[in-house]
Amino acid sequence: MRVSATRRKRSAAASSTTRTIVRPSPRTTSHTTPRAFGRAGAVLFTTAAVLSSAGCFGSSDNPSRHGPTRADKSPGAKPAIVWNTKPTSIASLGDSITRGFDACSVLSDCPEVSWSTGTDVDSLAQRLLPAATARAGTHSWNFAKTGAVVADLPGQIEAAAARKPKLITVMIGANDACRNSADDMTSTEQFRTTFTSALTRLRRDLPKTQVYVASVPDLKRLWSEGRKNVFGRQIWKLGICPSMLKDSQDLDAASNDRRQRVADQVTEYNKVLKDVCGRDVLCRYDPAVHEYRFTTDELSKWDWFHPSKAGQRQLAEMAYRRITASAP
């Protein structure tokens, strides 16, 4: 059939346009059309997108590879760690304060009224755990020891690790300052080294456990409040926290300097606790215990040093506020 000159010109123009837009590689057959190439490109693009989202371009768990992570984040990114304000189990570490010493009877532990895990007081465990679970005490454990110092923390952590608690509370340091003399107090450097090592061990044994660290109580305020009671002053002579409480009525320069030295050391301990805890995203330090302006009503009537039941409840309230806060 004869083709008109006009049609031949239109065909030649179309062919020229096609060659301008699509330049097939040497492997592309001469009969590939722009429409066919567009369909093939769309299929390839869609397939690539599916493979990419599925993590088939390298292991999604290895940040050294170039593929995306499972969370569709940049290589090496880690999922955000979120603090759980309602942990389902609690273990307490620390000293006589956490054991409820002298809160129920003279010279004896009373862990059932402990601020952290007590069952007979509105403790932290009672506030956080379901009522039946809290009363049963099946998901709360008290590993604190009367007389414990920071050097005793690793052993307590080892015991707690076997229970795998979701939350661990720590209140330690008062006995490191309460020595026979101010010269015997644990040094700041040793306190830092020991506490850092203990928290490192805790994180190794319990990588997902949250930690609440209470500040060391204000021992100088304890002296100023307790000395108001005649009976309390007599009890202190038996040897309760001599570095701070001995000669409680003496107000000479040497006595005042000694007490201030102990108070300053407690401040240094709290700086260590805050600093070391602050480096762990699952640790919350609480300054409230040291800052609290307690009165004699919250001190044991047997030694005017340890918290009474009322004092234990107040400690629980402060801890609860800190642990359940949406942000540290």
Side-chain angles (χ1 to χ4, degrees), residues 93-103 106-109 144-156 170-198 213-276 287 289-294 296 298-307 311:
L93 314 181
D95 51 34
S96 56
I97 294 176
T98 303
R99 288 297 295 178
F101 186 81
D102 269 3
V106 64
L107 299 179
S108 62
D109 289 346
K145 297 292 183 183
T146 294
V149 293
V150 69
D152 295 311
L153 268 185
Q156 295 182 19
V170 179
M171 183 182 288
I172 200 74
N175 289 324
D176 290 272
C178 283
R179 313 304 290 173
N180 288 331
S181 73
D183 292 335
D184 296 332
M185 294 187 294
T186 303
S187 69
T188 303
E189 294 74 17
Q190 185 59 46
F191 191 89
R192 176 179 291 276
T193 298
T194 306
F195 184 70
T196 301
S197 178
V213 177
S215 50
V216 182
D218 187 344
L219 299 180
K220 190 173 183 181
R221 179 171 179 80
L222 190 151
W223 162 76
S224 66
E225 287 295 308
R227 65 190 291 268
K228 299 173 183 177
N229 185 276
V230 176
F231 182 69
R233 296 198 301 267
Q234 296 302 312
I235 291 294
W236 289 354
K237 292 179 180 180
L238 299 178
I240 298 178
C241 196
S243 56
M244 175 61 77
L245 303 181
K246 74 175 182 179
D247 303 326
S248 60
Q249 293 301 93
D250 290 352
L251 300 177
D252 57 277
S255 296
N256 288 333
D257 288 346
R258 166 175 52 82
R259 295 184 193 109
Q260 189 57 49
R261 182 180 171 189
V262 175
D264 291 343
Q265 187 61 72
V266 167
T267 297
E268 291 302 310
Y269 291 163
N270 283 329
K271 288 180 180 178
V272 169
L273 296 175
K274 180 181 180 180
D275 179 47
V276 176
V289 176
H290 185 266
E291 296 171 354
Y292 182 63
R293 307 293 288 176
F294 58 85
T296 53
E298 291 153 326
L299 296 179
S300 166
K301 297 304 182 287
W302 283 284
D303 63 22
W304 271 262
F305 179 83
H306 293 91

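For Lys271, the side-chain hydrogen bond (donor to acceptor under 3.5 Å, both in side chains) test picks out Glu268, with sequence neighbours left out. Applying the salt bridge (Lys or Arg N to Asp or Glu O under 4.0 Å) criterion to Arg259, with sequence neighbours excluded, gives no partner residue. Under the side-chain hydrogen bond (donor to acceptor under 3.5 Å, both in side chains) criterion, Asp184 pairs with Ser181, not counting sequence neighbours. Taking Asp252 as the reference, nothing meets the salt bridge (Lys or Arg N to Asp or Glu O under 4.0 Å) condition, with sequence neighbours excluded. Under the rule for a ring-ring contact (aromatic ring centres under 6.0 Å, His included), Trp236 has no partner lying at least two apart in sequence or in another chain. Residues passing the side-chain hydrogen bond (donor to acceptor under 3.5 Å, both in side chains) test with Asp257, sequence neighbours excluded: none. Here Gln265 pairs with Thr188 under the side-chain hydrogen bond (donor to acceptor under 3.5 Å, both in side chains) rule; sequence neighbours left out. For the salt bridge (Lys or Arg N to Asp or Glu O under 4.0 Å) test, no residue two or more places apart in sequence or in another chain qualifies with Asp152. Remark: Arg258 engages no residue in a salt bridge (Lys or Arg N to Asp or Glu O under 4.0 Å) (not counting sequence neighbours). Residues forming a side chain to side chain contact (heavy atoms under 4.5 Å, CB included) with Ser187 (at least two apart in sequence, or on another chain): Glu189, Gln190. When the ring-ring contact (aromatic ring centres under 6.0 Å, His included) test is applied to Tyr269, the partners found at least two apart in sequence or on another chain are Phe191. Residues satisfying the ring-ring contact (aromatic ring centres under 6.0 Å, His included) test with Phe305, not counting sequence neighbours, are none.
With rounding to the nearest 0.5 Å, the separation of CG in Leu273 from CZ in Phe195 is 5.0 Å. The distance from atom NZ of Lys237 to atom CG of Asp247, rounded to the nearest 0.5 Å, is 8.5 Å. Residue Arg261 holds its CZ atom at 12.0 Å from CE of Met244, rounded to the nearest 0.5 Å. The line from CE of Met171 to OG of Ser215 is 7.0 Å long, rounded to the nearest 0.5 Å. In this structure, Arg227 CZ and Asp250 CG are separated by 9.5 Å, a value rounded to the nearest 0.5 Å. In this structure, OG in Ser248 is found 8.5 Å from CD in Gln234, a value given to the nearest 0.5 Å.
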Step-by-step side chain to side chain donor-acceptor pair (under 3.5 Å) determination, Asp109 to Thr146:
CA-CA 8 Å; Asp109 289 346; Thr146 294; 2.6 Å; yes
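Scanning all heavy atoms of the two residues, the minimum distance from Trp304 to Leu222 falls at O-CD2, 3.7 Å. Across all their heavy atoms, Ala177 and Leu219 have their closest contact at CB-CD1, 3.9 Å. The heavy-atom pair separating Ser243 from Cys178 by the smallest distance is OG-CA, 3.5 Å. Heavy atoms only, all atoms of each residue included: Pro217 and Val266 are closest at O-CG1, 3.7 Å. Nearest heavy-atom pair, Leu93 versus Thr98, reported as atom, atom and distance to 0.1 Å: O-OG1, 4.1 Å. Taking each heavy atom of Ala148 and Asp95 in turn, the nearest pair found is O-CB, 3.7 Å.
Here the side chains of Val262 and Lys220 are not in contact, with every heavy-atom distance at 4.5 Å or above. In this structure the side chain of Thr296 never reaches within 4.5 angstrom of the side chain of Asn229, judged on heavy atoms.
Between the side chain of Asp303 and the backbone N or O of Ile240, no donor-acceptor pair lies under 3.5 Å. For the pair Asn175 (side chain) and Val149 (backbone), a donor-acceptor distance under 3.5 Å is absent. The backbone N or O of Leu251 lies less than 3.5 Å from a partner atom in the side chain of Asn256, making a donor-acceptor pair.
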